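Everything on this sheet refers to the single structure shown next.
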Amino acid sequence: MSDLRETRLEKARTLESLGRPPYALGFAPSHRTAALQQAHADLANGEERAVVVAVAGRVMTRRVMGKLAFFTIADESGPIQLFIEKATLLAAHPEEPDAFAQITSLVDGGDWIGVHGSLRRTDRGELSVKVTDWVMLTKALQPLPDKWHGLADVEKRYRQRYLDLIVSPHIRETFRRRARLVSAMRRWLDDRGFLEIETPVLQTEAGGADARPFATHHNALDLPLTLRIATELHLKRLVVGGFERVYELGRIFRNEGISTRHNPEFTSVEIYQAFADYHTMMDLTEQLLAAACLEVCGDTRLTYQGTAIDLTPPWRRVTMHELVEQATGLDFNTFADRSQAAAAMEAAGLAVPEAADSVGRLLVEAFEQAVETSLEQPTFVMDYPVENSPLARAHRSKPGLVERFELFIVGRETANAFSELIDPLDQRARLELQQLRRQAGDPEAQTVDEDFLHALEVGMPPTGGLGIGIDRLAMLLTDSPSIRDVIAFPLLRPEARERVGTDAVG
RNA sequence: GGGUCGCUAGCUCAGCGGUAGAGCAUUCGGCUUUUAACCGACUGGUCCUGAGUUCGAAUCUCAGGCGACCCA
């Protein structure tokens, strides 16, 4: 089927027959390559150092010239060159006269090998391990992509992320940064007394957000279940239970479209703090994200897709009404009903969707059309219409609005927070309105979660709640244009493809 | 859901109606200071799939598949 694979299989068999198993049990490196490079930075060109080192890595390049060969191997820390001399191998192991021929003919790019040797910096200045012994650790049956061009096919990069990671070191850096981001956020929260508590992914009723869930089924209970679309309602139950600071950082599932900003499963952190309101949560958001950015990027200023972004607190805080008025000249406080608002929007050249059936929903429309993408620097957009925010507390002084903010950075919604609605009667009324919308055909409208309402009747203290999209934050901190660049294995439609055979080796 | 673009050797790509091509990788030969090593020789194809137009299709048309980007 594939000559390249067949050739490598044959080499694996040859190695086996020579007493060099193609799949080793292990290896004990004395150093990672980066540590070696650093420790011997003082070694002059053409000089040798009689230390014994052991390094292991994947063979990235091979250059064989007669009785001398240069390989580059790379471990996770980076590359190092191997200086492989026939005479050196022979002197170290006279009983293995073919060691040089074997390493140059049976080792291919992509193989994992381990070597022992001393150090030598070549005349051209490349620190190298002067090899005295080598072992095959893993024989690769598939070739690596082009060593110069790498993997350009975006589809293949996502489908075979392992290849992408091998040939594109900056992709590995993206996932390192993402890991540091998550870890920094957890540490920041843990240090301030927030408790991470895991809530159910499988739920009989998905709530806490306007989104369609994935449906699944529990066989033993013969129970239809959905995957969670938010962690909100369970974390609030924990606040009712007496935990004053809780959070959960984890996977959320929403059955909706895929784009450069949406993946059906994504990661969020939701944070709840008792006795706090949305102003407190703005302070918390600034401090948390600035600290995480500082830890991941070494600075609170960064560049995203060519735009300088400054995450140094404090950030701009402005109401949605003000932003819309600045952008369009329309003051939504003056509209008595939907038709007035709709006429004004049309006069201003904005689209008026049928589904936006109230002044408040039209305000959000105007915001999305005229403002959202222009909010490049971090901006807290405050005070949303109550219609779009069934879980947020009514505004303390502005009728028809709620105490809610969303954080926008580079034109993207990155966080969402409320002074939480803790009045059980108000909450019931809001959810019942949602239920009506749902019955009228809106599949994203929320349902009435009776147990949640019961919890509120038991009593939730005044609480500030916050949700942050980790993927979008990771995009920002890694300068990645697509959410798929920060998700190791993004969802793709399955590809009908023939897999290679399963021939055993040896 | 709509639009635009892409799919050719393991990888990166050219070819755009007249014999299926290049570089790298692979294979064979040479080479003790290379680092996109070099020199020589060879090998490697369901041109995404199907139908159509044509004397002749990788190339033109239609349908489908997968993907990218933009819009909703």
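Below, chains carry the letters A, B, ... as their sequence lines are ordered, and counting in each starts from 1. Reckoned from all heavy atoms, side chains included, excluding hydrogens, waters and symmetry mates. Values in this document were obtained by computation on a predicted structure and should not be read as measured data.
Candidate nucleotides B/C66, B/G10, B/U33 were compared by shortest atom distance to the side chain of A/Phe83, and B/U33 ranks first. In the set B/C11, B/U33, B/C13, B/C13 carries the atom at the smallest distance from any side-chain atom of A/Ala152. Which of B/C69, B/C66, B/C24 sits closest to the side chain of A/Lys147 comes down to B/C24. With B/G10, B/A37, B/U33 as the candidates, the nucleotide lying closest to the side chain of A/Leu4 is B/G10. Comparing B/G10, B/G67, B/A37 against the side chain of A/Thr61 picks out B/A37 as the nearest.
For RNA chain B, runs of at least 3 consecutive pairs of the Watson-Crick or G-U wobble type, with both hydrogen-bonding distances under 3.5 angstrom, map to B:1-7 with B:65-71, B:10-13 with B:21-24, B:27-30 with B:38-41, B:48-52 with B:60-64.
Between B/G67 and A/Arg493, a contact under 4.0 Å exists linking OP1 or OP2 to a side-chain N or O. Remark: A/Arg484 is in phosphate contact with B/C69, judged by side-chain N or O atoms under 4.0 Å from OP1 or OP2.
Taking atom CZ on A/Arg8 and atom P on B/G10, their separation rounds to 14 Å, with Å as the unit. Between the C1' atom of B/U35 and the CG atom of A/Leu127 lies a distance of 14 Å, rounded to the nearest Å. Protein atom CD of A/Glu256 is 15 Å distant from nucleotide atom P of B/G1, rounded to whole Å. Across the protein-nucleic acid pair, A/Gln142 atom CD and B/C11 atom C1' stand 12 Å apart, rounded to whole Å. Atoms CZ (A/Arg157) and P (B/C7) sit 18 Å apart, rounded to a whole Å. Put simply, CD on A/Glu6 is 13 Å from C1' on B/U26, counting in whole angstrom units.
At a threshold of 4.0 Å, the pair A/Glu387-A/Arg430 does not count as salt-bridged, since none of the basic side-chain nitrogens sits closer than that to a carboxylate oxygen. Between A/Asp357 and A/Arg338 there is no salt bridge, since no side-chain N of the basic residue sits under 4.0 Å from a carboxylate O of the acidic one.
Ring to ring, A/Phe332 and A/Phe367 are not that close: their centroids are 6.0 angstrom or more apart.
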Check nucleotides 39-44 of chain B for protein N or O atoms closer than 3.5 Å to its own N or O atoms and list the pairs.
none

Provide a list of protein-nucleic acid N or O atom pairs under 3.5 angstrom, restricted to nucleotides 27-30 of chain B.
| unit_1 | atom_1 | unit_2 | atom_2 | d |
| --- | --- | --- | --- | --- |
| B/U27 | OP1 | A/Lys11 | NZ | 2.4 |

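Listed by chain and residue number, A/Phe380 satisfy the ring pair (Phe, Tyr, Trp, His ring centres under 6.0 Å) test with A/Trp315 (two or more places apart in sequence, or in another chain). Considering only residues two or more places apart in sequence or on other chains, A/Ser168 meets the side-chain hydrogen bond (donor to acceptor under 3.5 Å, both in side chains) condition with none of them. Partners of A/Phe489 under the side chain to side chain contact (heavy atoms under 4.5 Å, CB included) rule, at least two apart in sequence or in another chain, are A/Arg161.
Backbone-only engagement by A/Leu492 is indicated by non-hydrogen atom pairs under 4.0 Å involving sugar-phosphate atoms exclusively. When heavy atoms are screened at a 4.0 angstrom cut-off, A/Lys156 is found touching the sugar-phosphate backbone but no base atom. Within 4.0 Å (heavy atoms only), A/Gly109 reaches no atom of the nucleic acid at all.
Between B/U59 and B/G40, the two C1' atoms lie 35 Å apart (nearest whole Å). The same atom, C1', is picked in B/C70 and in B/G10; the two are 33 Å apart, to the nearest Å. B/A20 and B/C47 have their C1' atoms separated by 8 Å, with the value rounded to a whole Å. Atom C1' of B/U4 sits at a distance of 29 Å from the matching atom of B/U54, rounded to the whole Å. For the C1' atom pair drawn from B/U12 and B/G6, the interatomic distance equals 15 Å after rounding to whole Å. Using P as the reference atom, B/U19 and B/U35 are 39 Å apart when rounded to the nearest Å. The gap from the P atom of B/C24 to that of B/C16 amounts to 23 Å, rounded to the nearest Å. Rounded to whole Å, the separation between the C1' atoms of B/G17 and B/C11 comes to 29 Å.
Among A/Asp75, A/Val129, A/Val51, the one residue that satisfies the side-chain contact (heavy atoms from CB on, under 4.5 Å) test with A/Leu36 is A/Val129. The only option from A/Ile487, A/Thr174, A/Ile171 that meets the side-chain contact (heavy atoms from CB on, under 4.5 Å) definition with A/Ser480 turns out to be A/Thr174.
Heavy-atom distances to RNA chain B give each of A/Leu491 and A/Thr122 a nearest nucleotide, and the one nearer the 5′ end belongs to A/Thr122. Each of A/Leu151 and A/Thr260 lies near RNA chain B, and the nucleotide nearest A/Leu151 is the one positioned closer to the 5' end.
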* May I have the step-by-step check of side chain to side chain contact (heavy atoms under 4.5 Å, CB included) for A/Lys130 and A/Ile84, ending in yes or no? => CA-CA 6 Å; A/Lys130 187 176 176 184; A/Ile84 308 167; over 6 Å; no

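The number of heavy atoms from other shown groups lying within 6.0 Å of CZ (A/Arg212) does not exceed 12. Within a 6.0 Å radius of CD in A/Gln38, other residues, nucleotides and ligands contribute 12 heavy atoms or fewer. Within a 6.0 Å sphere centred on CZ of A/Arg301, other residues, nucleotides and ligands contribute 12 heavy atoms or fewer. Counting non-hydrogen atoms of other residues, nucleotides and ligands closer than 6.0 Å to CD of A/Glu95 gives a total above 12.
Side-chain atoms of A/Asp146 come within donor-acceptor range of the base of B/G23, with a qualifying N/O pair under 3.5 Å.
The cationic atom of A/Arg404 (NZ for Lys, CZ for Arg) lies less than 6.0 Å from the six-membered ring centre of A/Tyr384 and within 45° of the ring axis.
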